[in-house]
Amino acid sequence: MRFFLGTLRRTVAVGAAAVAALALTATAAVADDPTPRPGVVGGTAAQQGEFPWMVRLSMGCGGSLYTQQIVLTAAHCVNGSGANTSITATAGVADLSSSQAIKVKSTQVIQAPGYNGSGKDWALIKLAKPVNLPTLKTADTPAYNNGTFTIAGWGADREGGAQQRQLLKATVPFVDDAACQQAYGNLIPDEEICAGYLTQGGVDTCQGDSGGPMFRKDGAGAWIQVGIVSWGQGCARPQYPGVYTEVSTFAADIKSAAASLGG
Ligand code: ARG
């Protein structure tokens, strides 16, 4: 079980073919549907500018602007730490094909120290230059690890589905550690936070959404990031909520890693 889920966690890094191969209940897309189908399972299209700190990464992951020059993403989306000019971040657009897209290359990556495929699923990517866009605040206490969360991404809109051109959003309720542990057996409760409709399923992040933020409003009505898309068994299945990196647990580590990248 642990090996299987660990494999699922890393599917995005190995590309679309492997993602498709791992899709356990893939449904064929309607061949001539002219409507661009947005990503995330059970979502709707996000508006241009609605989540201005959302970033798409060229290896097929999501991310969020931690600063104007640092993207917060998942550890399983990157290969390790060090100089890295191979990643392109696309920012400032809901439609990835928009002529307004801002594309910036990476210069350095920090993968969570001690990351070994379980837990600690965070990483920072430094961009070659700052982008003039709003950043997303990250939770540094557990105060917001409850309630209803928003998820967004350009990943698959169903298990085995294609990556999406249009950013999709959805909301999912918090699932407590006991219920999530009951579903998976290998949750790391201090490092992971779960969300989804436990009984019905139907709404979730999916392959290609990894690294993107799960967020909610804080006490002042501002968006705050509480999770990073990490893993799940399939997508949107009843009894299998989405598992997210618990951002508040790693807030201090993320902050010092960002400082080491020069902010
Ligand atoms: N590991 C996947 C990725 O790399 C994310 C899967 C999220 N799955 C879920 N059921 N919430 O894109």
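Residues that satisfy the salt bridge (Lys or Arg N to Asp or Glu O under 4.0 Å) test with Asp218, not counting sequence neighbours, are Lys137. Remark: Phe51 pairs with Trp53, Phe215, Trp223 by the ring pair (Phe, Tyr, Trp, His ring centres under 6.0 Å) rule, at least two apart or across chains.
Shortest non-hydrogen contact noted between Thr107 and Ala128 is CG2-CA, 3.5 Å. Heavy atoms only, all atoms of each residue included: Leu168 and Gly43 are closest at CD1-C, 3.0 Å. Heavy-atom minimum distance, Glu246 versus Phe250: O-CD1, 3.4 Å. Closest of all the heavy-atom pairs between Ala89 and Val55 is CB-CG1, 3.7 Å. Nearest heavy atom pair, residue Gly219 against residue Tyr144, reads N-OH, 3.0 Å. Heavy atoms only, all atoms of each residue included: Asp209 and Ala156 are closest at OD2-O, 4.3 Å.
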**Report entry** side chain to side chain donor-acceptor pair (under 3.5 Å) evaluation trace for Gln225 with Ser64
**Finding:** CA-CA 9 Å; Gln225 181 169 358; Ser64 54; 2.8 Å; yes
Requested in this report: Could you give me the CA-CA distance, side-chain angles and deciding distance for Thr85 and Lys105, then say whether side chain to side chain donor-acceptor pair (under 3.5 Å) is met?
Outcome: CA-CA 6 Å; Thr85 55; Lys105 291 266 186 204; over 6 Å; no
Requested in this report: Begin from the C-alpha positions of Val41 and Asp157 and carry the test side chain to side chain contact (heavy atoms under 4.5 Å, CB included) through to its verdict.
Outcome: CA-CA 4 Å; Val41 181; Asp157 64 344; 5.7 Å; no
Query - Stepwise side chain to side chain contact (heavy atoms under 4.5 Å, CB included) check, Ile193 with Met214 - result: CA-CA 10 Å; Ile193 176 172; Met214 177 169 81; 4.2 Å; yes
**Report entry** Evaluation steps, side chain to side chain contact (heavy atoms under 4.5 Å, CB included), between Arg237 and Glu159
**Finding:** CA-CA 9 Å; Arg237 296 186 189 183; Glu159 278 189 42; 2.7 Å; yes
Report task. Test side chain to side chain contact (heavy atoms under 4.5 Å, CB included) on Ser260 and Ile110 and set out the steps. Result -> CA-CA 9 Å; Ser260 80; Ile110 294 181; 3.3 Å; yes
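Judged by distance alone, the side chain of Asn146 and the main-chain N or O of Ala143 form a donor-acceptor pair under 3.5 Å. In this structure, the side chain of Ser106 engages the main chain of Ile87 through a donor-acceptor pair within 3.5 Å. The backbone N or O of Leu133 sits less than 3.5 Å from a side-chain atom of Gln68, completing a donor-acceptor pair. A donor-acceptor pair under 3.5 Å is absent between the side-chain atoms of Gln108 and the main chain of Asn84, judged by distance alone. Not one N or O on the side chain of Glu192 forms a donor-acceptor pair closer than 3.5 Å with the backbone of Leu187. Between the side chain of Ser98 and the backbone N or O of Val93, no donor-acceptor pair lies under 3.5 Å. The closest donor-acceptor contact from the side chain of Gln166 to the backbone of Ala45 lies at 3.5 Å or more, if one exists at all. Trp154 places no side-chain N or O within donor-acceptor distance of the main-chain N or O of Gly60, the cut-off being under 3.5 Å. Side chain of Glu191 to main chain of Gly119: no donor-acceptor pair is present (N/O by atom type, distance under 3.5 Å, no hydrogens or angles). Under the 3.5 Å distance criterion, the side-chain polar atoms of Gln48 are matched with a main-chain donor or acceptor of Gly92.
Side-chain contact check for His76 and Ser210: at least one donor-acceptor pair (N or O, by modelled atom type) lies under 3.5 Å.
Within the 4.5 Å cutoff, no side-chain heavy atoms of Ile228 are placed close to those of Thr73. Annotation: side chain of Ile254 is in contact with side chain of Leu72 (closest heavy-atom distance under 4.5 Å). Residues Val226 and Val247 have side chains not in contact (no heavy-atom distance under 4.5 Å, counting atoms from C-beta outward). With a 4.5 Å cut-off on side-chain heavy atoms, Ser248 and Asn145 count as touching. Side-chain contact between Tyr244 and Cys194 is absent, with no heavy-atom pair separated by less than 4.5 Å. Side chains of Val172 and Thr148 form no contact here, defined as non-hydrogen atoms less than 4.5 Å apart. Between Arg216 and Thr171 there is no side-chain heavy-atom pair separated by less than 4.5 Å. No side-chain heavy atom of Thr90 sits less than 4.5 Å from a side-chain heavy atom of Ile102.
Just one of Ile125, Thr138, Leu261 meets the side-chain contact (heavy atoms from CB on, under 4.5 Å) condition when paired with Tyr66; it is Thr138.
Atom OG of residue Ser86 and atom CG of residue Asn79 lie 7.5 Å apart, to the nearest 0.5 angstrom. Going from atom CD of Gln207 over to atom SG of Cys61 covers 10.0 Å, rounded to the nearest 0.5 Å. Taking CG of Asp176 as the reference point, atom CD of Gln182 lies at 9.5 Å (rounded to 0.5 Å). To the nearest 0.5 angstrom, Gln111 atom CD is 5.5 Å from Ser81 atom OG. For the atom pair CG of Asn186 and CD of Gln181, the computed distance is 7.0 Å after rounding to the nearest 0.5 Å.
Contacts classified as salt bridge (Lys or Arg N to Asp or Glu O under 4.0 Å) and involving residues 41-61 (residues at least two apart or in different chains) are given here: Glu50-Lys169.
Taken together through direct or relayed side-chain contacts under 4.5 Å among Ile, Leu, Val, Met, Phe, Trp and Tyr, Val175 and Ile188 form parts of separate hydrophobic clusters. A continuous path of Ile, Leu, Val, Met, Phe, Trp and Tyr side chains, each step under 4.5 Å between heavy atoms, connects Met54 with Leu96, placing both in one hydrophobic cluster. Tracing side-chain contacts under 4.5 Å through hydrophobic residues (I, L, V, M, F, W, Y), one reaches Leu57 starting from Leu65; they form part of the same cluster. A continuous path of Ile, Leu, Val, Met, Phe, Trp and Tyr side chains, each step under 4.5 Å between heavy atoms, connects Val71 with Leu167, placing both in one hydrophobic cluster. Leu136 and Leu124 are not part of a single hydrophobic cluster, where members link through side-chain heavy atoms under 4.5 Å apart.
Separation of the Tyr240 and Trp231 ring centroids does not fall under the 6.0 Å cut-off.
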